[in-house]
Colleague: 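Sharing a structure with you now.
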Amino acid sequence: MDVSSILDSLNNVQREAVSCDKKSLLVLAGAGSGKTRVLVHRIAWLVQVQGMPASGIMAVTFTNKAAREMRTRISELLHLSPQGMWVGTFHGIAHRLLKAHWHDAGLPENFQIIDSDDQLRMVKRLLKEFELDDSRWSPKSVQWYINGHKDEGRRAAHVDHHEDPYEKTLVKLYQAYEVACERSGQVDFGELLLRAHELWLKQPAILNHYQQRFQHLLVDEFQDTNTIQYAWLRVLAGHAIDITVVGDDDQSIYGWRGAKIENIQQFAKDFNDTFTIKLEQNYRSTSMILDAANAVIANNPERLGKNLWTEGALGEPISLYAGFNEQDEARFIVEQIQGHVSEDTLLSEQAILYRSNAQSRVIEEELIRAGTPYRIYGGQRFYDRLEIKNAVAYLRLSHFRDDDAAFERVINTPTRGMGNKTVEMIRNRAREQNVSLWRASEELLSECSLTKRASTALAAFVELINDCGDAAGRLALDELTEFVLEATDLQAFHGKETGERGRARVENLQELVNATRQFEPESDASSALREFLDTAALDAGDAQADEYTDAVQLTTLHSAKGLEFPVVYLAGVEENLFPHRMSVEEPGRLEEERRLCYVGITRAMRLLYITYAECRRWYGQESFNTVSRFVKEIPAECLHEVRVNTNISRPVSAGRPQFAAENETGLALGQRVWHSVFGEGIVLNLEGQGSNSRVQVNFDDEGSKWLVAAYAKLESI
DNA sequence: AAGGCAAATGTTTTT
DNA sequence: CATTTGCCTT
């Protein structure tokens, strides 16, 4: 067996990790140390050198994106598709298990996954049912409470409320929520994990089956596992299955969501024959950047301890800029970006990272003013959009009538002349008879117990869904989607929404049709709908389109984890914002903020800028902040303070800006144009390709509008 | 059932 | 400050 292709490209420590033959391996992989590489090569090692069947391997990640990347890289390295191998997210794998063993897991065969939106609706309904004042019992906090316990692996029956009346009510709500989910066959994200864990505990035969099947488990981003995920892994691995976990305690930034950094330390105690390997050689950043990162993170107590180093260049010191306000800060960043562009750095090689989403606004405005294209990474996800959820809900109902969450969502969307009280009647009936909302509707209709108007409307709805269901039987997935959009009037409904938003919604719906067209079912076309719905439930459908246009990347520090950029700007690095004021008090949270800072610094390959604003308008209030304590933790020799007044204010681009994006419409950002109806204006944004391409113009007299480039007949001035 | 208005609310978000 | 929400009005 030629192992050279597996080991050649690795350093000594990586090789050791890849070929380690201990039962339990913990790889502490620093930022940029090649952890995915180690994971993928280890799988190749197990299969090609140790002769393990691919079906004996399970690789678990947190995001669908990571799972996809791993699958791609495995097939590239092994020169074959990872057939039989289980590569997926915790939730995806749990879902797969529950689908296969629904009966043993105590679920109905057609159980439905609900997202946090559906979950919130359900909580709101329960609050109303219990007649609780939702100012004292905010739906969000109840949802938070429920999910928090699920993350810890606790059902309502296990929660200790300490006889505290407030908490007693919360437990009561949690219990009612469990009952409601149970009755309607709905499963939230936390429930997937909880059930999968219970499946192991309650069905030893099934557990045994998988313990026979799998010979090696691999877990990515191990520092992000929560209690229930860890417990699930531990039971599955038992004493039989070998396990490799890869993580970095210094990059644990999801503690507030239940992730338990302690799981890394716990690993050595709970698993047999453990061995730890530290990957500390960094292939990403200059040593200047690494020195800064190391110095900052060194302030955290209770680290497992790691020091990143590189054989690469020393690099430039980090530039620190103090803006006098957030506009000035943004202006500085945009200026630097353009400066780098003229020195042959692409826009897409530069990223602006910030602590909270609200910061992006000012930066965006400045980028627009300078005519610099940008792309926001993360943020609103495709399948989270209202219009997409509505469309998907119709698809779900046409596939499976008893999907109550979908029913709730679209029963009156678009409005069809049914008041709240009709819907309430349906709910009551469903609860009394212990049937789905759909069944309840049918019963009410056949009994003629509704008013004329309500029953006509409800009958029309039932017929509509049945029509869609028929269509599902005879049409391809994309044709079905088009049919549904048309028949339900959704497209028109969303198109009617005010101005620009309506247009964007219609466009997204078209994008959904596209997505269904491109969707490739794993088995055959007949299960395409079912498979697509599963994907939509568990995969947020990460960004598509305009990945081709060269644009500055904007993202929160959290979403930046795992990414890298030649030039990075950390914006708003000031006290109260970063570390966030909410985080300084609670124990342990400041450390997490510091890790977030470490994540931010280590995203940079070549150049790093840190900026802050001495004065910032925040929620309408002016606030004066000092530079973040984290900056003070960076050694002085790594920092270079950029003087004020180096920025000469440039004239606002008249004519063609230097760094404008252009597409085939021949229009460029910042360009002045003329429209036969709206008059003169300036191009703010460009979107889409070909006949779909749209352009946002801020007209001098009419304000900002989105226009379809093909029809707008814009003339440049 | 839609539009208008006041009030609430505002870290981070893998699934 | 600015956006979203819910309540109230027609």
Side-chain angles (χ1 to χ4, degrees), chain A residues 60-68 88-95 113-120 124 128 134-135 138-140 143-144 147 150-151 187-194 196 220-221 223-226 228-229 251-259 326 353-362 378-381 383-384 386 412-420 457 493 496-498 501 534-542 555-562 572 576-584 586 589 592-593 595-597 599-600 616-623:
Chain A
V60 196
T61 64
F62 276 83
T63 66
N64 291 294
K65 192 177 158 220
R68 274 192 294 269
T89 63
F90 275 102
H91 296 264
I93 288 173
H95 180 225
I113 299 172
I114 57 169
D115 62 16
S116 50
D117 224 64
D118 298 323
Q119 189 185 35
L120 191 63
K124 281 181 180 164
K128 207 166 271 170
D134 62 3
S135 60
S138 91
K140 281 245 175 70
Q143 182 184 28
W144 186 259
N147 289 336
K150 288 197 174 193
D151 284 347
V187 171
D188 61 46
F189 292 139
E191 186 74 22
L192 285 170
L193 304 172
L194 209 45
D220 192 16
E221 304 278 18
Q223 76 284 351
D224 289 339
T225 50
N226 63 26
I228 189 71
Q229 288 161 335
Q251 290 189 74
S252 162
I253 55 175
Y254 286 108
W256 53 276
R257 256 176 134 256
E326 71 271 30
L353 314 184
Y354 37 80
R355 175 68 237 265
S356 63
N357 287 305
Q359 285 172 256
S360 76
R361 184 189 209 88
V362 182
Q380 174 80 294
R381 280 147 199 286
Y383 289 112
D384 281 349
L386 180 80
N412 228 359
T413 313
T415 47
R416 47 175 64 80
M418 227 178 311
N420 214 341
F493 173 74
K496 275 204 294 272
E497 285 185 68
T498 49
R501 179 182 290 187
D534 285 344
T535 309
L538 286 174
D539 188 342
D542 270 335
T555 169
T556 62
L557 284 156
H558 281 90
S559 316
K561 195 173 76 165
N576 293 324
L577 196 61
F578 187 29
H580 198 277
R581 72 164 79 71
M582 303 256 150
S583 294
V584 269
E586 258 182 274
R589 297 295 302 274
E592 183 154 311
E593 295 278 313
R595 293 192 289 269
L596 195 54
C597 183
V599 167
R616 182 181 296 271
R617 213 178 181 83
W618 200 236
Y619 301 140
Q621 297 258 311
E622 300 237 290
S623 59

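Side chains included, hydrogens not; waters and symmetry mates left out as well; all remaining heavy atoms used. Just so you know, these numbers come straight off a predicted model, no measurement behind them. Each chain gets a letter, A, B and so on, in the order the sequences are listed, and its residues count up from 1.
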Colleague: Would you mind classifying the nucleic acid contact of Asp115(A) as base, sugar-phosphate or nothing, using non-hydrogen atoms under 4.0 angstrom?
Modeller: nothing
Colleague: Expressed as a whole number of angstroms, how long is the span from Leu120(A):CG to dT9(B):C1'?
Modeller: 15 Å
Colleague: Is there a donor-acceptor contact under 3.5 Å from the side chain of Gln359(A) to the main chain of Ser356(A)?
Modeller: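 Yes; judged by distance alone, with no hydrogens or angles, the pair exists.
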Colleague: Distance check needed: dT15(B) P versus His95(A) NE2, whole Å only.
Modeller: 15 Å
Colleague: Stacking here means centres under 5.5 Å and planes under 30°; does His91(A) stack on dT15(B)?
Modeller: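 So His91(A) does not count as stacking on the base.
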Colleague: Just to verify, what does Thr555(A) make a side-chain contact (heavy atoms from CB on, under 4.5 Å) with, not counting sequence neighbours?
Modeller: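 Testing Thr555(A) for side-chain contact (heavy atoms from CB on, under 4.5 Å), a comparison that skips the adjacent residues, returns Leu353(A), Tyr377(A), Ser559(A), Ala560(A).
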Colleague: I'd like to check the side-chain hydrogen bond (donor to acceptor under 3.5 Å, both in side chains) partners of Thr225(A); sequence neighbours left out, ordered by chain and number.
Modeller: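 For Thr225(A) the side-chain hydrogen bond (donor to acceptor under 3.5 Å, both in side chains) partners, ignoring immediate neighbours, are Asn263(A).
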Colleague: Toward the 5' end of DNA chain B, which comes first, Ala259(A) or Met582(A), by nearest nucleotide?
Modeller: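 So the residue in question is Met582(A).
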Colleague: Once salt bridge (charged side-chain N to carboxylate O under 4.0 Å, His left out) is applied, do any residues pair with Glu326(A), and if so which ones, sequence neighbours excluded?
Modeller: none
Colleague: Can you see if the side chain of Ser559(A) gets near the phosphate of dT13(B) - specifically, an N or O under 4.0 Å from OP1 or OP2?
Modeller: yes
Colleague: Measure from NE2 on His580(A) to C1' on dT12(B) and round the result to the nearest Å.
Modeller: 9 Å
Colleague: Kindly give the heavy-atom pair with the smallest separation between Gly417(A) and Asn412(A), and that separation in Å.
Modeller: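 In this case the closest contact between Gly417(A) and Asn412(A) is N-OD1, 4.3 Å.
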Colleague: Which part of the nucleic acid does Arg589(A) contact within heavy-atom distance under 4.0 Å: base, sugar-phosphate only, or nothing?
Modeller: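 Base: the residue Arg589(A), judged by heavy atoms under 4.0 Å, touches a nucleobase.
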Colleague: Rounding to a whole Å, what distance do you find between Leu194(A):CG and dT15(B):C1'?
Modeller: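 Whole-Å distance recorded here is 15 Å.
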Colleague: Under the rule for salt bridge (charged side-chain N to carboxylate O under 4.0 Å, His left out), what residues qualify as partners of Asp117(A), not counting sequence neighbours?
Modeller: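 Checked Asp117(A) against salt bridge (charged side-chain N to carboxylate O under 4.0 Å, His left out); matches are Lys389(A), Arg409(A).
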Colleague: Using salt bridge (charged side-chain N to carboxylate O under 4.0 Å, His left out) as the criterion, list what pairs up with Arg617(A), not counting sequence neighbours.
Modeller: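 Salt bridge (charged side-chain N to carboxylate O under 4.0 Å, His left out) list for Arg617(A), sorted by chain: Glu622(A).
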Colleague: Quick one: classify the glycosidic conformation of dT11(B) as syn or anti, with syn meaning within 90° of 0.
Modeller: syn
Colleague: Closest approach to the side chain of Glu593(A), judged atom by atom: which nucleotide of dT15(B), dT11(B), dT12(B) is it?
Modeller: dT11(B)
Colleague: Could you measure between the two C1' atoms, the one in dG6(C) and the one in dT11(B), and give it in whole Å?
Modeller: 25 Å
Colleague: Mind calculating the distance between CD1 (Ile113(A)) and P (dT15(B)) to the nearest angstrom?
Modeller: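 Spelled out: CD1 on Ile113(A) to P on dT15(B) is 12 Å.
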Colleague: Tell me whether the OP1 or OP2 atom of dT12(B) has a side-chain N or O from Asn357(A) closer than 4.0 Å.
Modeller: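 Asn357(A) to dT12(B) OP1/OP2: side-chain N or O found under 4.0 Å.
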Colleague: I'd like a list of close polar pairs between nucleotides 1-8 of chain B and the protein, N/O only, cut-off under 3.5 Å.
Modeller:
residue : atom : partner   : partner atom : Å
dA1(B)  : OP1  : Gly417(A) : N            : 2.8

Colleague: How close or far is atom C1' of dT15(B) from atom CG of Leu193(A), stated in whole angstroms?
Modeller: 8 Å
Colleague: If you measure from the C1' atom in dT5(C) to the same atom in dT12(B), how many Å do you get, rounded?
Modeller: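 Per the computed distance, 23 Å lies between those C1' atoms.
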Colleague: By the 4.0 Å heavy-atom rule, please label Phe90(A) as base, sugar-phosphate, or nothing.
Modeller: nothing
Colleague: Calculate the interatomic distance between Trp618(A) atom CH2 and dT9(B) atom C1'; express it in whole Å.
Modeller: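 Taking CH2 of Trp618(A) and C1' of dT9(B), I get 14 Å after rounding.
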Colleague: Do the side chain of Gln143(A) and the main chain of Ser116(A) share a donor and acceptor less than 3.5 angstrom apart?
Modeller: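 Between the backbone of Ser116(A) and the side chain of Gln143(A) there is a qualifying donor-acceptor contact (under 3.5 Å).
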Colleague: With distance as the sole test, does Glu593(A) use its side chain to make a donor-acceptor pair with the main-chain N or O of His580(A) at under 3.5 Å?
Modeller: yes
Colleague: Should Trp256(A) be counted as stacked on dT12(B), where stacking needs a ring-centre gap under 5.5 Å and an angle between planes under 30 degrees?
Modeller: yes
Colleague: Rounded to the nearest Å, what distance is computed from the NZ atom of residue Lys140(A) to the C1' atom of nucleotide dG10(B)?
Modeller: 10 Å
Colleague: Only counting residues at least two apart or in another chain, list the ones meeting salt bridge (charged side-chain N to carboxylate O under 4.0 Å, His left out) with Arg416(A).
Modeller: none
Colleague: Give me the distances for all protein-to-nucleotides 1-5 of chain C N/O pairs that come in under 3.5 Å?
Modeller:
residue : atom : partner   : partner atom : Å
dT3(C)  : OP1  : Arg361(A) : NH2          : 2.3

Colleague: Glu592(A): which residues meet the side-chain contact (heavy atoms from CB on, under 4.5 Å) condition with it, sequence neighbours left out?
Modeller: Trp256(A), Arg595(A)
Colleague: Under 4.0 Å between a side-chain N or O of Thr556(A) and OP1 or OP2 of dT13(B)?
Modeller: yes
